[in-house]
Student: 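Mind having a look at this structure? Questions to follow.
First the proteins, then the strands, lettered A, B, ... as listed; each starts at 1.
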Number of protein chains: 2
Amino acid sequence: MNTDYSKQGLKQTEARSAVVMILGNSNGPLDVAGIKEELEKLDLKVDQATVYRILNTFHEKGIVKRIEIGEGKYRYEIEKEHHHHLVCTNCGKIEDIEIDLSDDFDREVFKKKGFRVESHSLEFFGVCELCQK
Amino acid sequence: MNTDYSKQGLKQTEARSAVVMILGNSNGPLDVAGIKEELEKLDLKVDQATVYRILNTFHEKGIVKRIEIGEGKYRYEIEKEHHHHLVCTNCGKIEDIEIDLSDDFDREVFKKKGFRVESHSLEFFGVCELCQK
DNA sequence: ATTGTTGCAAAAGCTTTGCACCAGC
DNA sequence: GCTGGTGCAAAGCTTTTGCAACAAT
């Protein structure tokens, strides 16, 4: 769980380590309220402004990824191997899925529109396995 | 520009017709501020609460689609043939693109996770043709 | 006449900011 | 000691809500 802070010009603080750990142990992307809850479970009192600042800093440095799934707010997750999300419209669960959007798509986009793709986000909405029963 | 309101139990009002027309004539998804600007150009004074209520109603009825592209707010567009978006990280322009995410992806998701896909959203981020020059 | 729609004003939810103080390096 | 991080309180922005008046069917 050692994010090389110094390389990025960042200082290591209790709050930052905790946020990295919390996101690392979560099985889905967390919103700020969720992160604050976990911090409280660890008996860490961290101001909301600080949480937002930590997340913004981490986002700029590429340590966390910011995602939106139609809730009108952000969720955050550790930046890891690129993946996509399955959002259950029944229970709200968010699962990761690793499927490969091949480079063919980027090439197709470039060919059709002259647009140079640098990244993408892909979310699936539907019904998770449990909610189908 | 005739959305069959009555079938949906909706009443036809000036504000609603204007919103449909504005979104129909826009070349990219608009946020609420943008819609209000267009309404003002038409000399229509429509309260922001009303704009939000119109958009929410239209969204529920499947008349408009709500999208998020990492801005912390919603944008709206007329629900038409399914397509995706190219978001230029330099100038902010949002283009539509029609590429086909084949059903193979839905099948792959179901096979891997038992998740029944109903819809998806896919956005590409990168540099548009003009901004490359 | 009924029912849905709007305006107004207030509030709610998420996120940011200014500033003084404090901690990591 | 310097630089950057934090807490606190206030504000900013987007979106929602209650209620009374109004308009469409």
Student: Distance check needed: D:dT14 C1' versus A:Glu71 CD, whole Å only.
Tutor: 15 Å
Student: Does B:Asp96 pair with B:Lys80 as a salt bridge, N-O distance under 4.0 Å?
Tutor: yes
Student: Throw together a table of side-chain donor-acceptor distances under 3.5 angstrom for residues 125-133 of chain A, partners on residues two or more places apart or in other chains.
Tutor:
from     : atom 1 : to       : atom 2 : distance (Å)
A:Gln132 : NE2    : A:Val127 : O      : 3.0
A:Gln132 : NE2    : B:Gly114 : O      : 2.7

Student: Applying side-chain hydrogen bond (donor to acceptor under 3.5 Å, both in side chains) as the test, list every pair that has at least one member in residues 46-62 of chain A; sequence neighbours left out.
Tutor: A:Asn56-A:Arg66
Student: To the nearest Å, give me how far apart NZ (B:Lys36) and C1' (D:dT15) are.
Tutor: 13 Å
Student: Report the end-to-end axis angle of the helix from C:dA1-D:dT25 to C:dC25-D:dG1; each axis comes from five terminal pairs, and the value is rounded to 10°.
Tutor: 40°
Student: Can you check the A:Gln8 CD to C:dG24 C1' distance for me, whole Å?
Tutor: 17 Å
Student: Who clusters with B:Phe110? Use side-chain heavy atoms, under 4.5 angstrom, across I, L, V, M, F, W and Y, and order the result by chain and number.
Tutor: none
Student: Tell me every residue that passes salt bridge (Lys or Arg N to Asp or Glu O under 4.0 Å) with A:Glu38, counting only those two or more places apart in sequence or in another chain.
Tutor: A:Lys41
Student: Specify the residues of residues 27-34 of chain B, ordered by number, for which at least one heavy atom lies under 4.0 angstrom from an atom of DNA chain C.
Tutor: none
Student: Identify, with sequence neighbours excluded, every residue that meets salt bridge (Lys or Arg N to Asp or Glu O under 4.0 Å) alongside A:Asp43.
Tutor: none
Student: Other members of the hydrophobic cluster containing A:Val117, with the 4.5 Å side-chain heavy-atom rule, please.
Tutor: A:Leu86, A:Ile97, A:Ile99, A:Leu101, A:Phe105, A:Val109, A:Phe115, A:Leu122, A:Phe124, B:Leu86, B:Ile97, B:Ile99, B:Leu101, B:Phe105, B:Val109, B:Phe115, B:Val117, B:Leu122, B:Phe124
Student: Can you tell me the distance, in whole Å, between the NZ atom of B:Lys73 and the P atom of D:dT15?
Tutor: 8 Å
Student: Measure the distance from CZ on A:Arg16 to C1' on C:dG24 and round it to the nearest whole Å.
Tutor: 10 Å
Student: Return the set of residues passing salt bridge (Lys or Arg N to Asp or Glu O under 4.0 Å) with B:Asp103 (not counting sequence neighbours), or none when no residue passes.
Tutor: none
Student: Report the residues that fulfil salt bridge (Lys or Arg N to Asp or Glu O under 4.0 Å) with B:Lys112, sequence neighbours left out, ordered by chain and then residue number.
Tutor: B:Glu108
Student: Distance check needed: C:dG24 C1' versus A:Ile54 CD1, whole Å only.
Tutor: 14 Å
Student: From CG of A:Leu55 over to P of C:dT16, roughly how many Å is that when rounded to an integer?
Tutor: 9 Å
Student: If the condition is ring pair (Phe, Tyr, Trp, His ring centres under 6.0 Å), which residues does B:His84 pass it with, not counting sequence neighbours?
Tutor: B:His82, B:His120
Student: Starting at CD of A:Glu68 and ending at C1' of D:dT15, how long is that distance when rounded to a whole Å?
Tutor: 14 Å
Student: Tell me whether B:Tyr74 contacts the main-chain N or O of B:Glu68 through its side chain, where contact means a donor paired with an acceptor under 3.5 Å.
Tutor: no
Student: Give the B/S/- string for nucleotides 16-24 of chain D, one per nucleotide from 5' to 3', where a protein heavy atom under 4.0 Å of the base yields B, of only the sugar-phosphate yields S, and otherwise -.
Tutor: BBB----BB
